[in-house]
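Working notes, structure below.
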Amino acid sequence: MSRVISIHSYRGGTGKSNSTANLAALVAAEGKRVGIVDTDIQSPGIHVLFGFDDQKIDRSLNDYLWGRCSIAEVAYDVTYAIGESAKPNSKIYLIPASVKAGEIARVLREGYDVGLLNEGFQDLIENLELDYLFIDTHPGLNEETLLSITISDVLLLILRPDSQDYQGTAVTVDVARKLEVPSLLMVVNKAPMVFDFDELKRRVEQTYGATVAGVLPHSDEMMVLASSGLFSVKYPDHSFTQVLRNIADHLMA
């Protein structure tokens, strides 16, 4: 059985796309077939982590949503990104959103049939024989986010230790519980090293009544990498990568 995992944050700037890409890579490195869909259509970005720019994206999720092609035709094989950590069965497919200004403007102006997303997700799982489908969502709550939450086996919420994030995340947690998401996990990202991580984890779990799969520290190496690749591949022995591996284990449990 395939698992659908939505990665979400109430606000932008939490490191959601970086986390999605790295977690998908770590799961694929375990010999799994993984798909990643960038549904942050208004501000796409996860493609950059796999070395794509607007010149390399011939077709995008937007083309599928406008009826120009099947969603399988938008799936790029990016298994090369995990390098030597790949096993014989490892596969990663990326379905990027368009970075063209005209395409983004059309979405903002006209919207799109959100129901097509659900059909597309199921087609990807069947046609690519996926073990896991990761959905990189748009921050905040909208129709697309609600769909992603509804169809997810796991909802992974990412927040920073910030009062605005805490309040916004509480809203998302409440919605997820009303939609009866089977599994709700949380990740605290960009935590200052001066914090007591165990206490931070305990406080967040107590506040939301949900498991914290990991606390990721603020990392200068991550900042210097500047989304020019997958951190977990470039720094496989880093303590930050070990926390990511622990989170990936939660997702595969």
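Values in this document were obtained by computation on a predicted structure and should not be read as measured data.
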Q: Take Tyr76 and Phe52, measure what ring pair (Phe, Tyr, Trp, His ring centres under 6.0 Å) needs, and give me the verdict at the end.
A: CA-CA 10 Å; Tyr76 294 83; Phe52 281 74; 5.2 Å; yes
Side chains of [X] and [Y]: does their closest heavy-atom pair fall under 4.5 Å?
| X | Y | result |
| --- | --- | --- |
| Thr14 | Asn189 | no |
| Tyr208 | Leu184 | no |
| Tyr112 | Leu117 | yes |
| Leu61 | Asp38 | no |
| Pro96 | Pro44 | no |
| Val114 | Asn142 | no |
| Arg203 | Tyr166 | yes |
| Ser70 | Asp123 | no |

Do [X] and [Y] belong together in a cluster built from hydrophobic side chains that touch within less than 4.5 Å?
| X | Y | value |
| --- | --- | --- |
| Val154 | Val4 | no |
| Leu133 | Val74 | yes |
| Ile57 | Val107 | no |
| Leu185 | Leu159 | no |
| Val173 | Ile149 | yes |

[X] versus [Y], closest heavy-atom pair with distance:
| X | Y | answer |
| --- | --- | --- |
| Val187 | Leu216 | CG1-CD1, 3.8 Å |
| Ala21 | Leu230 | CB-CD2, 3.6 Å |
| Ala248 | Val27 | CB-CG2, 4.2 Å |
| Ser152 | Ser6 | OG-OG, 2.6 Å |
| Tyr235 | Thr241 | O-OG1, 2.6 Å |
| His47 | Leu94 | CA-CD2, 3.9 Å |

Q: May I have the step-by-step check of ring pair (Phe, Tyr, Trp, His ring centres under 6.0 Å) for Phe231 and Phe240, ending in yes or no?
A: CA-CA 9 Å; Phe231 188 94; Phe240 190 97; 5.1 Å; yes
(Q) My understanding is that only one of Asn18, Ile5, Leu244 makes a side-chain contact (heavy atoms from CB on, under 4.5 Å) with Leu23; could you say which? (A) Leu244
Tell me whether [X] at atom [atom1] has more than 12 heavy atoms from other residues, nucleotides or ligands lying less than 6.0 Å away.
| X | atom1 | answer |
| --- | --- | --- |
| Glu180 | CD | no |
| Glu143 | CD | no |
| Glu84 | CD | no |

Q) Could Glu205 and Arg202 be called an ion pair, given the rule that one side-chain N must be under 4.0 Å from one carboxylate O? A)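 Not counted as a salt bridge, because no side-chain N and carboxylate O are separated by less than 4.0 Å.
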Supply the atom-to-atom distance [X] [atom1] to [Y] [atom2], rounded to the nearest 0.5 angstrom.
| X | Y | atom1 | atom2 | answer |
| --- | --- | --- | --- | --- |
| Glu119 | Tyr64 | CD | OH | 5.0 Å |
| Thr172 | Arg177 | OG1 | CZ | 11.5 Å |
| Ile135 | Leu147 | CD1 | CG | 7.0 Å |
| Met186 | Thr169 | CE | OG1 | 5.5 Å |
| Ser60 | Ile41 | OG | CD1 | 8.5 Å |
| Ile7 | Ile247 | CD1 | CD1 | 9.0 Å |

**Q.** Test log, rule side chain to side chain contact (heavy atoms under 4.5 Å, CB included), inputs Met252 and Arg3
**A.** CA-CA 9 Å; Met252 292 186 288; Arg3 299 192 88 188; 5.6 Å; no
Q.
Which residues end up grouped with Val48 if you chain together Ile, Leu, Val, Met, Phe, Trp and Tyr wherever their side-chain heavy atoms are less than 4.5 Å apart?
A. none
Would you say the side-chain atoms of [X] pair up with the backbone N or O of [Y], donor to acceptor, closer than 3.5 Å?
| X | Y | answer |
| --- | --- | --- |
| Lys201 | Val215 | no |
| Lys234 | Ser228 | no |
| Tyr10 | Ala170 | no |
| Thr211 | Ala213 | no |
| Asp174 | Val171 | no |
| Ser2 | Leu130 | yes |
| Asp131 | Arg33 | yes |
| Arg160 | Asp165 | no |

Q. Which pairs pass side-chain hydrogen bond (donor to acceptor under 3.5 Å, both in side chains) with one or both residues in residues 132-141, sequence neighbours excluded?
A. His8-Thr137, Lys16-Asp136, Ser17-Asp136, Asp40-His138
Q: Would you check, one step at a time, whether the test side chain to side chain contact (heavy atoms under 4.5 Å, CB included) holds for Arg11 with Asp162?
A: CA-CA 11 Å; Arg11 298 172 66 222; Asp162 174 273; 3.2 Å; yes
